[in-house]
Protein chains: 2
Amino acid sequence: MLDELDRTILEILIDDARISLKELSQKVGLSSPSVSERLRRLEEKKVIRAFTVDIDPVALGYSLTAIVRVRPLPGMLHIVEKLIKETPEITECDKVTGDDCFIGKLQFRTMEQLDTILDRLAEKAETNTSIVKASPVKRRLPPLS
Amino acid sequence: MLDELDRTILEILIDDARISLKELSQKVGLSSPSVSERLRRLEEKKVIRAFTVDIDPVALGYSLTAIVRVRPLPGMLHIVEKLIKETPEITECDKVTGDDCFIGKLQFRTMEQLDTILDRLAEKAETNTSIVKASPVKRRLPPLS
DNA sequence: CCTTTCGCCTATTTAATACAGGTTAACCAG
DNA sequence: CTGGTTAACCTGTATTAAATAGGCGAAAGG
């Protein structure tokens, strides 16, 4: 389905999606139209979900991050899920197995803001919050091989 | 530091970083060179950290995701951190306050692979693993206002 | 063994970006 | 109040990049 050249293309694009077709095609050893066609198919097959920008939350004032584990109170599951979706400061969230039901990432500017958001959740769920001190692993892709 | 137009530009780019300057400038109501200059400065100031692609792990065979909480055994903190960094299947990881020391996201293909990775961690830390069933929140940005 | 398909190439057209030059509005100092 | 300076924007043009058309050759299937 995906050959070695496709993987090379993906790895290059993860680092820099604005590379020109010319330069990209030189790196992978194909002509521009060939690489263009491969890109088209990678998008068509949804291997590439989107071209996007990586924005620094700190530059937007969000200097703090927390991981929040959420256990909805009985009967509150759907309401809690809705609340999470409607809280834009929760920038990622997964529904998981185990005692916790949701594990999310929360971006915020001040402790007061964190308090407000957690208070709102606390009406409908038990929560457990860990403040992020550092991120030893930058977002990356698992091995493509 | 960042005005309304900059925020509009960022929001558009998050959705589609391959939009042409022409189209982008029409949407924000400026000329192409003006938007180009704004982009240049947003990159210069590292508000835009990178242009990148969002790749579907499932398309690469990684159909399973887990959240792993890691508590290194006494004296094992640095060794565990090194191990995490060297495990490419751990695609995100934060160092946090609280009982857990690290909370990471693990992409894997089979339960056997999960078992192998957790076994390796278990020599140096206590771990607590939650399998991701769904992701109600797609990666997004907190409010820019 | 012939035909079809697929991936690739080169050459060319079309489109996007980068650049140059000029205008206006805001701000500060004389 | 006024001249100078800066900053952000504009239009028009040059340059560069991407998309497309057309053709070649290898591999797969009838």
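Letters A, B, ... mirror the listed sequences (proteins, then strands); counts begin at 1.
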- Against the side chain of B/L5, the closest entry in C/dC8, C/dA18, D/dC9 is D/dC9
- Compare the minimum distances between each of D/dC9, C/dG7, C/dT17 and the side chain of B/S34, then state the nucleotide with the smallest one. D/dC9
- Are B/R38 and B/D6 ion-paired here, with the side-chain N under 4.0 Å from a carboxylate O? yes
- Message: From CG of B/L24 over to P of C/dA18, roughly how many Å is that when rounded to an integer?
- Response: 12 Å
- Query: Do any side-chain nitrogens or oxygens of B/R41 fall under 4.0 Å of OP1 or OP2 in D/dA8?
  - Reply: yes
- Message: Nearest to the side chain of B/L30, heavy atoms from C-beta on, is which of D/dT11, D/dC9, D/dA19?
- Response: D/dC9
- Query: Between D/dA8 atom P and B/L42 atom CG, what is the distance in whole Å?
  - Reply: 12 Å
- Query: Distance check: side-chain N/O of A/R38 vs OP1/OP2 of C/dC8, anything under 4.0 Å?
  - Reply: yes
- Taken to the nearest whole Å, NZ/A/K22 to P/D/dT16 is 9 Å
- Does the distance from a Lys or Arg side-chain N to an Asp or Glu carboxylate O, for A/E81 and A/K85, drop under 4.0 Å? yes
- Message: With a cut-off of less than 4.0 Å, is there a side-chain N or O of B/R18 near OP1 or OP2 of D/dA18?
- Response: no
- Interatomic distance where CG belongs to A/L21 and P belongs to C/dT14 [whole Å]: 19 Å
- Message: If I take atom CZ in residue B/R40 and atom P in nucleotide D/dC9, what distance separates them, rounded to the nearest angstrom?
- Response: 12 Å
- Message: Can you measure B/E43 atom CD to C/dT17 atom P for me and round it to whole angstrom units?
- Response: 13 Å
- Think A/S31 has a side-chain N or O under 4.0 angstrom from the OP1 or OP2 of C/dC8? no
- Task: Would you mind checking if B/E92 and A/K105 are paired as a salt bridge, meaning a charged N to carboxylate O distance below 4.0 Å?
- Result: yes
- Task: Give A/S20 one of three labels, base, sugar-phosphate or nothing, depending on what nucleic acid heavy atoms sit under 4.0 Å from its own.
- Result: sugar-phosphate
- Message: Could you tell me how far apart B/E37 (CD) and D/dT11 (C1') are, to the nearest whole angstrom?
- Response: 16 Å
- Message: Once you apply a heavy-atom cut-off of 4.0 Å, does B/S32 come out as touching a base, just sugar-phosphate, or nothing?
- Response: nothing
- Task: Salt-bridge test for A/E44 and A/R41: reply yes if a basic N is under 4.0 Å from a carboxylate O, no otherwise.
- Result: no
- Message: I need the CG-P distance between A/L2 and C/dG7, as an integer number of Å.
- Response: 13 Å
- Message: Strictly below 4.0 Å, N to O, side chains only: are B/R69 and A/D100 in salt-bridge contact?
- Response: yes
- Message: Side chain of A/P33 only, heavy atoms from C-beta on: which candidate in C/dA16, D/dA21, D/dA18 is closest?
- Response: D/dA21
